[in-house]
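Per chain, numbering begins at 1; letters A, B, ... match sequence-line order.
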There are 2 protein chains.
Amino acid sequence: MFFTKSFGYAVRGILYVALMSDEKRKVQIEEIAERLSVPKHFLGKIMNKVVKQKILDSTKGPYGGFSVNNSTLSVPLLKVMEVTEGLEQFSMCALGLKKCDPEHPCPVHYKMEGLRSDLRKALAEDTINDLMIGNKPELIRNISAT
Amino acid sequence: MFFTKSFGYAVRGILYVALMSDEKRKVQIEEIAERLSVPKHFLGKIMNKVVKQKILDSTKGPYGGFSVNNSTLSVPLLKVMEVTEGLEQFSMCALGLKKCDPEHPCPVHYKMEGLRSDLRKALAEDTINDLMIGNKPELIRNISAT
DNA sequence: TTTAAAAAAGACATTGAAGTCATTTATAAT
DNA sequence: ATTATAAATGACTTCAATGTCTTTTTTAAA
């Protein structure tokens, strides 16, 4: 419920870039890492994956950095999860059994199936844009650790 | 949704002991580990925690092993989770933020809060006994990996 | 074209969960 | 009392996620 750090960093990083983008500038990893209190180089690798999956754009060199593209705001959180930690969680048996299916359901199979599909649905419905309602300074404060 | 191995081993181990207990004998770690295809010594440590929390009984020495006590069957899965991986998951911010509360909610705070409380409720309601409905051989098969 | 800035890439370190192994402790049977 | 058996304990290893540091690549500006 229970995501990896990578996922959390990715969501916050993407969101930060999206929130800053109306100012028509690109955002550097240095700034993102500082504002979000996140390890810079580790975040860099995660952002790299995010860019490879076209969730954000990036350019190297002076005046470079990360920026939104025309798909960024409509990206569902499930996609971010896929990019960062994968979606195996949703198919893997909750008790860790190799073989767990309707033929051989583990003791919590059906109950977990329901809860899982609720989570998956929520992540599939929620987009980056949905996380951006409200006023910008407050939103930024709310993704900064301290 | 997404539990640790320890939790899965604990649930399966307790369940195995409970299913075997009608035969009036104690069950050894050796047998449990073999039947469930779980690392013996690691399971031993987990079972030890389970015993310390009075979820099962154990006796050392010849003819010793693990056995159910009068509370075993009514233990909720949430208790097993508490013993094995703790319940921090339920209070920790889903995005990993230090400060995340109604004053400063992270962007997924409320949605996750709902899903989390659903999971917690399910785990609090479901007891070991609830996992034991059905015929024994099939139940045992369904907690054995392969 | 050179330079400086920024992301990308790769090598390495840290950490906690998971797993292994050897030793100690408790207990039932003789 | 002694012995064999089984859990308990503690030291150590392994592995994947996380984190750090250095080098390489790309690109805009001069």
### Task
Test B:Asn142 against A:Cys106 for side chain to side chain contact (heavy atoms under 4.5 Å, CB included), laying out the working first.
CA-CA 5 Å; B:Asn142 289 344; A:Cys106 81; 5.9 Å; no

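In this model, no side-chain donor or acceptor of A:Lys45 finds a partner on the base of D:dT18 within 3.5 Å. Counting distance only, with no hydrogens placed and no angle test, the side-chain atoms of B:Lys60 and the base atoms of C:dT24 include no donor-acceptor pair under 3.5 Å.
Taking five base pairs at each end of the helix from C:dT1-D:dA30 to C:dT30-D:dA1 and finding the rotation axis that steps the C1' atoms of four pairs onto the next four gives two axes whose angle is 0°, to the nearest 10°.
Residue B:Tyr63 is in sugar-phosphate contact alone, with no base atom involved, counting any heavy-atom pair closer than 4.0 Å across all strands shown. Residue B:Gly61 is in base contact, counting any heavy-atom pair closer than 4.0 Å across all strands shown. B:Lys52 comes within contact range of the sugar-phosphate backbone alone, with a heavy-atom separation under 4.0 Å but no base atom that close. Using a 4.0 Å heavy-atom distance criterion, B:Phe7 is classed as making no nucleic acid contact.
Put simply, the side chain of B:Leu87 reaches to within 4.5 Å of the side chain of B:Arg120, judged on heavy atoms. Inter-residue side-chain proximity for B:Ser144 and B:Tyr16 is flagged as unmet; no heavy-atom pair is nearer than 4.5 Å. Inter-residue side-chain proximity for A:Met20 and A:Glu31 is flagged as met; some heavy-atom pair is nearer than 4.5 Å.
The side chain of A:His41 sits closest to C:dA9 out of D:dA7, D:dG19, C:dA9.
For the residue pair A:Ser71/A:Asn69, the side-chain donor-acceptor check at 3.5 Å is satisfied. A donor-acceptor contact under 3.5 angstrom links the side chains of A:Thr59 and A:Lys26, judged on distance only.
Contact between the side-chain N/O atoms of A:Thr59 and the OP1/OP2 oxygens of D:dT26 is not found at any separation under 4.0 Å. Distances shorter than 4.0 Å separate some side-chain N or O of B:Tyr9 from OP1 or OP2 on C:dG19. Side-chain nitrogen and oxygen atoms of B:Asn48 include none within less than 4.0 Å of the OP1 or OP2 phosphate oxygen of D:dA7. Dashed line: the shortest gap from a side-chain N or O of A:Lys5 to OP1 or OP2 of D:dG19 is under 4.0 Å.
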